[in-house]
There are 2 protein chains.
Amino acid sequence: MAKKQKKSAKTPSAPLPLSDLLRLPHGPVDLSTLDPRATPGFPGKDKSDAPAATEVIGPELSELQERLYAAGRAAEAGAPSVLLVLQGMDTSGKGGVIRHAIGLVDPQGVKIKAFKAPTADERAHPFLWRITRELPPPGMIGIFDRSQYEDVLVVRVNELVAKSVWSARYRTINNWEAKLAAKGTVIIKCFLHISAEEQKARLLARLDDPSKYWKYNPGDVDERAKWPAYTEAYEAALEKGNTEVAPWYVVPSDRKWYRNWAVAQLLLEHLRALALGWPPADFDVAVERKRVAAS
Amino acid sequence: MAKKQKKSAKTPSAPLPLSDLLRLPHGPVDLSTLDPRATPGFPGKDKSDAPAATEVIGPELSELQERLYAAGRAAEAGAPSVLLVLQGMDTSGKGGVIRHAIGLVDPQGVKIKAFKAPTADERAHPFLWRITRELPPPGMIGIFDRSQYEDVLVVRVNELVAKSVWSARYRTINNWEAKLAAKGTVIIKCFLHISAEEQKARLLARLDDPSKYWKYNPGDVDERAKWPAYTEAYEAALEKGNTEVAPWYVVPSDRKWYRNWAVAQLLLEHLRALALGWPPADFDVAVERKRVAAS
């Protein structure tokens with residue numbers, strides 16, 4: 001494939017690949033040891049540098065996304081796809097990441113799905129049925145706002161199914177993700193890690209601003225009361241789901257500006273690793289040039 | 001509803017509403033009298049002012065889109081939606097508009113559908129069946145890259161059905177759009193108007209740049225040979241589809257920078273006209289504040 005760049009890539013790299021810095025090590029997970037206010041790899045001093053740092057990602061991210069899309073158009077079944085999974089407590093910023101990080105690329109190349117509580121129809125099927133239907137086609141970037149992991153998170157915490165059922169799901173998810181990766185889907189799983197104090201501040205902020213009332217749900221306070229149980233469930237999901245082909249990234253998310261930059265940067269690094277060129281012409285360029293000129 | 005603005009709206013208005021300037025007058029349409037290189041209403045001198053003009057639209061467009069989305073979340077069936085229909089000859093820039101104009105808003109609030117040649121299954125249904133399924137839900141902005149009008153354009157030009165069939169479709173489309181508008185969908189139909197010379201230049205540009213080969217389709221030259229027949233079909237579709245509730249806008253599109261700005265501005269003006277506030281709280285704010293504070 002042609003390697004010619006459409007625009008020169010001027011993006012300076014983060015000191016280390018962020019994928020290395022945020023990748024969860026294998027083994028037991030203790031979230032209390034991971035600082036939600038940390039800013040690893042950020043190429044600047046503080047919040048004031050965030051707009052510039054994110055802006056610098058934009059052009060390269062945009063071009064790499066276009067190459068992926070072009071590959072999908074040219075080769076369909078053979079082209080890769082990307083799946084970005086966003087998980088995190090309420091107010092951790094899944095929506096904010098989509099707005100600010102995914103908003104950097106062409107919306108035509110993105111397929112976004114927010115998973116809510118399953119419908120009666122969905123519950124009548126195996127839990128991965130509704131997830132599989134929303135996977136990105138070749139050439140596309142799929143974004144999951146919540147995901148297959150809800151079936152071992154909210155389901156486990158609220159005992160919506162028997163322990164024997166949810167405890168078997170970790171392996172089911174591992175196998176499903178392994179098959180997906182083998183078929184050419186790059187899986188990027190991000191846990192947006194916030195502190196209980198930050199969640200409280202964000203809930204109060206929604207109540208202080210009439211333009212944010214619509215984001216507030218009284219039920220969120222009931223879920224907040226189960227913070228320790230959710231933490232335990234997340235630690236299990238992160239540990240058991242942390243495979244070679246589909247590792248977890250823990251994104252410190254108490255600082256929104258870091259979180260948005262970090263997810264954009266993770267996406268950029270994974271797209272770079274695909275090393276996609278532009279699809280070659282499947283027609284005779286000289287012949288076509290004459291046809292157009294004569295038209 | 002609360003009218004408080006989240007951010008102050010600093011966007012200077014175009015001299016006249018662009019909706020007035022680009023709205024197609026009623027009556028017979030002669031595209032040869034409409035200049036595809038014109039730049040009506042553009043608040044600047046030339047291309048060099050386009051990035052700033054488009055940037056200035058961004059924040060207000062983004063906030064109005066969020067209000068629409070919030071209305072959809074709060075009131076579902078009762079909330080309005082927006083449908084942006086993009087039509088135009090090959091290379092007129094339907095994809096470019098989505099990338100640059102629609103790229104200004106939160107991708108979570110946008111539902112994009114590109115209509116290709118209908119499948120066997122779709123052809124077994126009335127022609128509006130597949131269109132209806134892709135309409136935006138309340139609170140969403142739907143983008144149609146090609147639309148119901150293909151059934152009186154490519155179908156008419158290539159005689160894919162009998163004249164008696166396609167000629168009845170104008171009225172069917174009018175009635176369908178009228179019902180849609182009555183149910184609360186704001187319909188913005190844009191014809192991206194390019195010249196035959198500009199199309200030739202854009203096709204040649206795709207053949208001169210290996211990063212654009214994937215956009216080139218030899219079949220486009222065959223369609224280009226039918227330019228007069230397409231012009232006639234477009235003139236009929238524009239005239240007959242130009243109703244009060246779903247008027248056509250003719251967007252001069254030989255200059256890409258004008259085209260992208262103009263569609264963003266049209267979308268902005270239609271969202272402004274909805275005059276949406278933020279949904280009121282459906283809970284007791286004081287009670288919830290205490291609950292969160294105690295949590």
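Note that these values count all heavy atoms, side chains included, but never hydrogens, waters or copies made by symmetry. By convention in this document, chain letters (A, B, ...) are assigned in the order of the sequence lines, proteins followed by strands, and residues within each chain are numbered from 1.
If you take CD1 on A/I143 and CD on B/Q108, they are separated by 9.5 Å, rounding to the nearest 0.5 Å. Atoms CG and CZ, from A/N217 and B/R73 in turn, are 9.0 Å apart once rounded to the nearest 0.5 Å. Between A/H100 atom NE2 and B/D106 atom CG the span is 8.0 Å, to the nearest 0.5 Å.
Residues A/R99 and B/S62 form a side-chain contact, since some pair of their non-hydrogen atoms from C-beta on lies under 4.5 Å apart. The shortest side-chain heavy-atom distance between B/W214 and A/E66 falls under the 4.5 Å cut-off.
More than 12 heavy atoms of other shown residues, nucleotides or ligands fall within 6.0 angstrom of atom NZ in A/K226.
Looking at A/I98, both its backbone and its side chain come within 4.5 Å of chain B, counting heavy atoms on both sides. Using a 4.5 Å cut-off between heavy atoms, A/A225 does not touch chain B at all.
Of all the listed residues (A/A196, A/A114, A/A286, A/P107), the one sharing the greatest number of non-hydrogen pairs under 4.5 Å with chain B is A/P107.
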Anything under 3.5 Å between a donor and an acceptor, one on a side chain of residues 288-295 of chain B, the other on a protein residue two or more places apart or in another chain? List them.
unit_1: B/E288; atom_1: OE1; unit_2: A/Y216; atom_2: OH; d: 2.6
unit_1: B/E288; atom_1: OE1; unit_2: B/R291; atom_2: NH1; d: 2.9
unit_1: B/E288; atom_1: OE2; unit_2: B/R291; atom_2: NH1; d: 3.4
unit_1: B/R289; atom_1: NE; unit_2: A/D208; atom_2: OD1; d: 3.1
unit_1: B/R289; atom_1: NH2; unit_2: A/L207; atom_2: O; d: 2.9
unit_1: B/R289; atom_1: NH2; unit_2: A/D208; atom_2: OD1; d: 3.2
unit_1: B/R291; atom_1: NH1; unit_2: A/P218; atom_2: O; d: 3.2
unit_1: B/R291; atom_1: NH2; unit_2: A/D222; atom_2: OD1; d: 2.8
unit_1: B/S295; atom_1: OG; unit_2: A/R224; atom_2: NE; d: 2.6
unit_1: B/S295; atom_1: OG; unit_2: B/V292; atom_2: O; d: 2.6

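For the pair A/P280 and B/Y213, the tightest heavy-atom approach, listed with the atom from each and the gap, is C-CD1, 4.4 Å.
Residues of residues 82-90 of chain B placed with any heavy atom under 4.5 Å of a heavy atom in chain A are absent; none qualify.
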